[in-house]
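Okay, so here's the structure we're looking at.
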Amino acid sequence: MTEEKKVAVKKTATKKSTVSVTLVKSFHGRLPSHRATVTGLGLKRINHTVELVDTPEVRGMINKISYLLKIED
């Protein structure tokens, strides 16, 4: 029988770029898909800001409802 040595792998936190998104207009009375996109981004009320990882999926959601948002890179 052979003994296998387990090598500890150190996970490093990678520096991922983020984007700050703030809801500046109300999403009430908007298209249902736009309301769902606001919820999907994690925004709850006017002037609520969230920090999101900058991925193509998130950028697409931001572009869809850009008229409701303030975006800071």
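Note that the coordinates shown come from a computational prediction; the quantities given were computed from them, not determined experimentally.
Residues meeting the salt bridge (Lys or Arg N to Asp or Glu O under 4.0 Å) test with R30, sequence neighbours left out: none.
In terms of heavy atoms, G29 sits closest to R35 at N-NH1, 4.0 Å. Between I46 and S26, the closest heavy-atom pair is CD1-N, 3.8 Å.
With respect to the salt-bridge test (charged N to carboxylate O, under 4.0 angstrom), the residues E57 and R59 do not qualify.
The closest side-chain heavy-atom distance from K64 to S33 is below 4.5 Å.
With side-chain heavy atoms closer than 4.5 Å counting as contact, directly or through intermediates, the hydrophobic cluster containing V21 also holds V19, L23, F27, V38, L41, L43, V50, L52, V58, M61, I62, I65, Y67, L68, L69, I71.
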